[in-house]
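Every value quoted in this text rests on a predicted model; they were computed, and no experiment measured them. Sequence lines set the chain letters: A, B, ... in the order given, protein chains first and strands last, and positions in each chain run from 1. Values below: every heavy atom of this structure, side chains too, minus hydrogens, waters and symmetry copies.
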Amino acid sequence: MALRRYLDQEGRQLRDTFALRRWFASDPEIRQRYFTEIDHIMEVCKTVEGDPPDATVVNMLANMCEADASLEDHILKQNVQGPPWKELRVTAAAVAFESFLRAKEDGTWP
Amino acid sequence: MALDPVVREEEVDEKLKDLAEQLREAGRKTGETVLERRASKGKAVRRIPTPKFTDEFVAQARAALEDEVKIARPADFPEDIEPKERDREIVKKALARLKLEQLRRVAANQELDYRGNSEEIIERIVDALNADHAAIARLILENEEPRPERGVADRLFPILGSTVGVSDAIETLGYYARRYIRTGIARWFVFGTPERRNDTVVVEGVYRTYRVEPIEDEDFFDLTSVPDALPVRIRIEDGSMFIETRATGARESRAAAQAVMKVLGLRPWPGLPIETKPREGALMHWDHRSVFMASLLQNELNSNGINILNLTSAHFETGEAGTGSDLRPNVRSVRFEGAHLLDSRPACELLVEGRALVGISLLVRFTPQPGQSFVLPISVSLERDYVTVLTGFGTERHEVANDLQRELVKRVERALGEPLKDEAALNRLAEQIRKMLRSSAPVERAVFFAPEQPWGDDRNEDV
């Protein structure tokens, strides 16, 4: 079965330009903590239909990205004038979420 | 615990706000831990103040959650609903009158993703246009199917075995001016005073009827009646074999036509005077109404100042209506909507199976004189005993739609009662359609009654 994807063409471009997958893989702590928080969001926001909508998970997770200095450090290292912070945080959250979906599918999380 | 299907707004807000705070805290801890490790390895760490978007993230998350959870907001506004939400929904409702195919066309023209269901596409259009009323209204008028409330509708009722003379008609109708006749149960037609305009008689009349309901209030029983008065303009041309009615609906049109025929001593044609009987070729397997429509498209709607741009809907009669008592499933009619429908397999299959094409809607370019060109939606439908011709206003002046309507009525009347014109060309069309159905190749480009070039960018331009 094809894996569910969240990012559209524009999001994928932003992800690749700012090497957000590299940020996410840069420290095992990041994966561990983001996956734990995604489980937390899923639990808090679940509905009678089941899991919350993907956009709810990603936008809530963007709050975590906003406070995460490791992401800020990663983006500043790209030396880009005026990076689009809002879009980058949502995209970083989506990178974490897509990775989470893959891990669930592969059975590597939890 | 899962969120209930309906949740009060403040509960959702509190829950998401708390969660956002917990996530921010988790983010802070993650950042600190990771950066400490980086620093301990001698790596430089960069920090600067950056803009915060917490409220926007929470709002987006909540909007997405509304797909699955209904959020009950306080009804604290003059008309209960929060004005911004109300305005946005009104704009969405206006767009919802467009069919899925039309919405897809609009989205594609706006360079938006045109996939998904109507509601998803409507959301994208409203977002892209910032819920701007004027822009949305223009989009709707440019793309909707013609309808009587937003256009001019004439119905042509054929007369059996005779034509009408204007001099006799004006005298007889004048004799009954300001009198009414009953046309059915609690239905009357009131004649106005006839007027002569060159070779035409015009009578304005009113169809009066009452909607009646029995009511019961405790032990008290009564009937309530609500009056309805619907105007109809009747037009009779000298030597014509049709009574033309201009009105919004079919019932007032039919009542007016019946009343005028009675007064003038005329009898309705049983059915429609379609004389298009093919003598050879693939066309012989088609229903006579389909042959008439194809001939109309080829000979009348695509020549001399009118050009077909897009056939947007095709309505077929597929069989007799069953009673339902024998449990046999039965489909009486099928309506296709889309673009360039005579190039679509499902529509063509019905044609060659001998099903009757009884209604078409099109976008046409109308060129009343060199240097002027207008794009307008039109439709022609064949009913049991009359033909409806409809021109929508689109985004043009009403006079332009009126001029096109006059021309269309003339051409449809000319096509009715006449033998088949250019049968050889129509047979070639029928043969091409049969070949297309036999071929396994997908249809990449419309060829039947389609313009040579895409026309999307040349609306309203002077030619």
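Proximity to chain A is limited to the side chain of B:L35, based on heavy atoms less than 4.5 angstrom apart. For B:E56, the part sitting under 4.5 Å from any heavy atom of chain A is the side chain, from C-beta outward, and nothing else. Proximity to chain A (any heavy atom under 4.5 Å) is shown, for B:A63, by neither the backbone nor the side chain. Contacts between A:T36 and chain B at a heavy-atom distance below 4.5 Å are absent for every atom of the residue.
The side-chain contact (heavy atoms from CB on, under 4.5 Å) test applied to A:L76 returns A:E72, A:W85, B:R46, B:I48, not counting sequence neighbours. Partners of B:R37 according to the side chain to side chain donor-acceptor pair (under 3.5 Å) rule, which considers only residues two or more places apart in sequence or in another chain, are A:D27, A:E29.
Among A:A62, A:A55, A:C65, A:G50, the residue with the largest count of heavy-atom pairs under 4.5 Å with chain B is A:A62. Contacts with chain B were tallied for A:Q32, A:M60, A:E37; A:M60 has the most, counting heavy-atom pairs under 4.5 Å. Taking A:L61, A:V57, A:D73, A:V58 one by one and counting their heavy-atom pairs under 4.5 Å with chain B, the maximum is reached by A:D73. Put simply, of B:D113, B:D18, B:V45, B:V69, the one with the most heavy-atom pairs under 4.5 Å next to chain A is B:V45. When each of B:P51, B:A59, B:A44 is scored by its heavy-atom pairs under 4.5 Å with chain A, the top score falls to B:P51. Of all the listed residues (A:A69, A:P83, A:S26), the one sharing the greatest number of non-hydrogen pairs under 4.5 Å with chain B is A:A69. In terms of heavy-atom pairs under 4.5 Å with chain B, the best-connected choice from A:N59, A:T47, A:V44, A:V48 is A:N59. Of all the listed residues (A:K77, A:K46, A:K86), the one sharing the greatest number of non-hydrogen pairs under 4.5 Å with chain B is A:K86.
For residues 23-34 of chain B, heavy-atom neighbours of chain A at less than 4.5 Å comprise B:L23, B:R24, B:A26, B:G27, B:R28, B:K29, B:T30, B:G31, B:T33, B:V34, sorted by residue number. Among the residues in residues 74-97 of chain B, none has a non-hydrogen atom closer than 4.5 angstrom to a non-hydrogen atom of chain A.
The shortest heavy-atom contact between B:L3 and A:C45 is CD1-O, 3.8 Å. The nearest pair of heavy atoms linking A:R31 to A:A103 is NH2-CB, 3.7 Å. What you find for B:G116 and B:L100 is that their closest heavy atoms are O-CD1, 4.0 Å. Listed here is the closest heavy atom pair of A:Y6 and A:A94: CD2-CB, 3.6 Å. Scanning all heavy atoms of the two residues, the minimum distance from B:L112 to B:R124 falls at CD1-O, 3.8 Å. Closest of all the heavy-atom pairs between A:W23 and A:I30 is O-CD1, 3.5 Å.
Ring pair A:F35/A:F24 is tilted by interplanar angle, where 30° to 60° counts as tilted.
Using a cutoff of 4.0 Å between basic side-chain nitrogens and carboxylate oxygens, B:E101 and B:R104 are scored as salt-bridged. Between B:R8 and B:E10 there is a salt bridge, since a side-chain N of the basic residue sits under 4.0 Å from a carboxylate O of the acidic one.
Between B:K52 and the choices B:T54, B:T50, B:D55, the side chain to side chain donor-acceptor pair (under 3.5 Å) rule is met once, by B:T50.
Residue-environment remark: CD (A:Q78) exceeds the threshold of 12 foreign heavy atoms within 6.0 Å.
B:R105 and B:T312 share no donor-acceptor pair across their side chains, judged by distance under 3.5 Å alone. A donor and an acceptor atom, one from each side chain of A:H40 and A:E43, are nowhere located under 3.5 Å apart.
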